[in-house]
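Only one structure is covered here, and it is reproduced in the block below.
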Amino acid sequence: MINRTTTVALAAAVAAAALMSSGANAQTANADKEKCYGVSMAGKNDCAATGSNSCAGTSKADYDAKAWKYVAKGSCAKMEVTLKDGKKRMGTLAPM
Amino acid sequence: MTADRLLRAGAGLKPEHQRHILEARPDVGWFEVHAENYMGAGGPPHHFLERVRALYPLSVHGVGLSIGSANGMAPGHLGRLKSVVDRYQPFIVSEHLAWSTHEGTFLNDLLPLPYTEATLSLVARHVDEAQTVLGSRILIENPSTYLRFDGEEMPETDFLRALARRSGCGLLLDVNNVVVSAANHGFDPRAYLDCFPHEHVGEIHLAGHAVLESDGDALYVDTHDRTISTEVWSLFRDVIARRGVSPTLIEWDSDVPAWLDLEAEVHQAQSILQTAGGLDARAA
Amino acid sequence: MPAQPDGNGLADLQHRFAHAVLQAPLEVPDGIRHDVRPTRERRFGVYRNNVKASLAAALAARFPVVERLVGEEFFTAMALVFIEQHPPRSPVLAEYGAAFASFLEEFDPAADLPYLPDIARLEWSRYVAFHSADASAADIGRLAELPPEALGSVRLGLHPAMAVIASPWPIVSVWSTNTHDATPEAPAADWTGETALVTRPHLDVLVQRLPPGADLLVAELAQGIALGAAADAASRAHDGFDLATALATLFGAGAITTLSQGSSS
């Protein structure tokens, strides 16, 4: 059962939502445009071999968490992160 | 128009080029796609392929059926391939003499098979099953290989001839794969092509390869990431002159160039098809 | 390896070959000719490299922000661990990577970046949206035209490409700055949680922030709950829930495809 108050509130919300949508084109605002139409997201099934013969086949991926030799060096290291304790840190972010 | 176009040269359809192709409608005979890249429910892949298909003939090239798997082809995959074929009505459907699925794990490469009587019966059975489900003849491509096995019983050309006779399939002759395998296993590509059962060929592939040198030894790798080598062009010219024309594809799958560079290779293949007998075949 | 269906060694050979391709230490399986140079290690290495490098490249293509956050070297090494533990189960590579986000949760070397799994979820949702079924988005005008008394019982059908990722981390901000900006900037000062809405009304995949509580509304709608009851549930569960903003965002992003009336069944 829907009471009258809810019906009025619903109608007001829908009317307000329609107004908000008619203003800016919400579809393009704050949205990612895949300009190249999915070159990067296209399927990757291929019948070609990979050119470099030095990547995975020869690099040892024997994973030992303690001896993991790779350090994250990407953009996470450039983002200045403020934790809840107010301290600023560069790069890594300890779990809260 | 069909007979005309189908004896022409075509190009692999890449996402980088599809918008340009729809706008410019370049003068190439046809396009080829990898079936597995069109097995999703919808989105841009199907959007663009439908529009390209409306303008050009299409060939569907499967890369994941695993026709050489001892434990059966990739589960459920033939049905998916059939959906792509039914939807896009290609003039050629092809797959590889290779395996890639083992116990449900997909190893994303075209892995080599030992050429034995037992492998031949297995592959012939799978090709027959595929042709029955798809309701049409398929072409099987000669692979590029990097190693050979102990105890093989016949050369690749005999294997392919027997496979075509037994299963009724056609063959896709990849000239670049011949050059790659010949270099890797030390045989003469012209001798291979002399033994090849050309009467079953329904399509030809041309592509670029890399040469990896190490410790004084070279391995050729089938990379599809550069222009076609002089040797491949020369062998292609011979095959066309001596054996007649087949629809010919330029494959370029990584480090994809600007469309005009790819189109130039298509036109080069086209001119070879025309001068070496293509005109006669088209007039017939 | 159990029975050999063909009475030959092919099944055995493929079993050995498949394991040797995937495992980390290079060990050439038996049965490969070794009387010709280059060595069989180099020959077999081409296949190992093809399999692993192509899968790592596929993962990098669908998780570009994760790759940017940790760097190429870290990403490739991490991808190789993932590939070894979770090799593809389907020859359709578009389906590969669904398990990557949960793999990251358990991957200790990345534990310093606790938002990484949710970034991976967002990127995976974009990828799935790209390949998902097509449907026409409904205009909010159709909802506004309904008589007020019909609004409570209307059911809103969700677009098949739509996904919602609620996170305790500012994933939309982190994703956005690493997608669009040459130099990424830290998001909001206090790193508050954000909920991402992923849609694909036509060809473009869209990402935006969902306002507070709107994910609860979506969860109700997804179960076929009518708009009135769904809005009630979202309001009760979240103080800051605003139905107008939620509807404007959802319709504006093309998340709603159908409006239907009728008893729930």
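Chain identifiers are assigned alphabetically (A, B, ...) following the order of the sequence lines, protein sequences preceding nucleic acid strands; residue numbering begins at 1 within each chain. Every heavy atom of this structure was used, including side-chain atoms; hydrogens, water molecules and symmetry mates were not.
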Search all heavy atoms of [X] against all heavy atoms of [Y] and return the closest pair with its distance.
| X | Y | value |
| --- | --- | --- |
| A:Ala11 | C:Leu151 | CA-CD1, 3.5 Å |
| A:Ala13 | C:Ala244 | O-CB, 3.4 Å |
| C:Arg62 | A:Lys44 | NH2-CG, 3.5 Å |
| C:Leu247 | A:Ala17 | CB-CB, 3.8 Å |
| C:Tyr127 | A:Gly43 | OH-CA, 4.2 Å |

Measure the [atom1]-[atom2] distance between [X] and [Y] for me, rounded to the nearest 0.5 Å.
| X | Y | atom1 | atom2 | answer |
| --- | --- | --- | --- | --- |
| C:Asp112 | A:Cys76 | CG | SG | 9.0 Å |
| A:Met41 | C:Glu123 | CE | CD | 9.5 Å |
| A:Ser75 | C:Glu185 | OG | CD | 12.0 Å |
| C:Met78 | A:Trp68 | CE | CH2 | 7.5 Å |

Is A:Asn45 reaching over with its side chain to a backbone N or O of C:Leu93, donor-acceptor style, under 3.5 angstrom?
yes
Counting only heavy atoms from other residues, nucleotides and ligands, does the tally under 6.0 Å from CD of C:Glu27 exceed 12?
no
Check whether more than 12 heavy atoms from other residues, nucleotides or ligands sit under 6.0 Å from atom CD of C:Gln85, and answer yes or no.
yes
Would you say that A:Leu10 contacts C:Leu243 through its side chain, given a criterion of any heavy-atom pair below 4.5 Å between the two side chains?
yes
Answer with side chain, backbone, both or neither: which region of [X] has an atom nearer than 4.5 Å to a non-hydrogen atom of chain A?
| X | answer |
| --- | --- |
| C:Asp139 | neither |
| C:Glu95 | neither |
| C:Pro91 | backbone |

